[in-house]
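These notes are about the structure you will find just below.
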Amino acid sequence: MSGERSRQSVDHAGPVGIDELLERVRAGYARVEAGEAYEAARAGEALLVDIRYAALRQRDGLIPGALVVERNELEWRLDPQGSHRLPEATGHDLRVVVICDEGYASSLAAASLHRLGLHRATDLVGGFQAWRAAGLPVTP
């Protein structure tokens, strides 16, 4: 009974679909548009983090200056307290803009970074595809 009770307390809201989950996590922070992310990165006010897998980066190119971190390594690499952190993971106040291909996986990733204490983490609305559609720099 105690195992069931603890499971219920963790899962108090019951199961949700991915659309509802995305709504919930996105309500917890302000997402950014491509132009805003570009300007923040240029001004040194944000770290762009590309979590797309290699095949998409090879197919579509890279955002100059973006840090490439595979999604399955993101939390380990950006946790300022972690032993596997990257040098760019300087503190919990770091503004991180997570970029995936179309802006879905990045929302879940940004929410995960929030749980690690990176309270300024956000993601790019529309992902890499929105960046490219806005005519922002991309390298092959």
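What you see is a predicted model, and the numbers here were worked out from it, not measured in a lab.
By the criterion of side-chain heavy atoms lying less than 4.5 angstrom apart, applied directly or through intervening Ile, Leu, Val, Met, Phe, Trp or Tyr residues, Leu48 is not grouped with Leu62; the two fall into different hydrophobic clusters. Residues Leu136 and Ile63 share a single hydrophobic cluster, defined by chaining ILVMFWY side chains whose heavy atoms lie under 4.5 Å apart. Put simply, Val16 and Val25 are part of the same group of oily side chains (I, L, V, M, F, W, Y) that touch within less than 4.5 Å, one to the next.
Nearest heavy atoms, Thr139 versus Pro64: CG2-CG, 3.6 Å. For the pair Trp131 and Val138, the tightest heavy-atom approach, listed with the atom from each and the gap, is CD1-CG2, 3.9 Å. Taking both residues in full, the closest heavy atoms of Ala105 and Cys100 are given as N-SG, 3.6 Å, listed atom of the first, atom of the second, then distance. Closest approach of Thr122 and Val32 over heavy atoms only: OG1-N, 3.9 Å. Smallest separation of non-hydrogen atoms from Gly91 and Pro80: C-CG, 3.5 Å. Ala121 and Ala110 make their closest contact through CB-O, 4.1 Å (heavy atoms, listed as atom of the first residue, atom of the second, distance).
Asp50 CG to Glu70 CD: the interatomic distance, rounded to the nearest 0.5 Å, is 9.0 Å.
Apart from Leu86 itself, the hydrophobic cluster it occupies contains Leu47, Val49, Ile51, Leu67, Val69, Leu74, Leu78, Leu94, Val96, Val98, Leu113, Leu116, Leu118, where clustering links Ile, Leu, Val, Met, Phe, Trp and Tyr at side-chain heavy-atom distances under 4.5 Å. Grouping Ile, Leu, Val, Met, Phe, Trp and Tyr residues whose side-chain heavy atoms lie under 4.5 Å apart, directly or via other members, places Leu56 in a hydrophobic cluster with Tyr53.
Put simply, the side chain of His119 reaches to within 4.5 Å of the side chain of Asp93, judged on heavy atoms. You'll find the side chain of His92 reaches within 4.5 Å of the side chain of Gln81, heavy atoms only.
Electrostatic pairing of Asp60 and Arg132 counts as a salt bridge here, judged by a charged N lying under 4.0 Å from a carboxylate O. Salt bridge annotation for Arg85-Asp79: absent, with no cationic side-chain nitrogen under 4.0 angstrom from a carboxylate oxygen. Checked for salt-bridge contact, Glu45 and Arg120 miss the test: no charged N lies under 4.0 Å from a carboxylate O.
A 6.0 Å sphere centred on OH of Tyr29 holds more than 12 heavy atoms belonging to other residues, nucleotides or ligands.
Each of Arg71, Arg31, Arg26 was compared with Asp123 under the salt bridge (charged side-chain N to carboxylate O under 4.0 Å, His left out) criterion, and only Arg31 meets it.
The backbone N or O of Asp101 lies less than 3.5 Å from no partner atom in the side chain of Arg52, so there is not a single donor-acceptor pair.
The side-chain contact (heavy atoms from CB on, under 4.5 Å) check on Ala46 picks up Ala40, Arg95, Val97, with sequence neighbours excluded.
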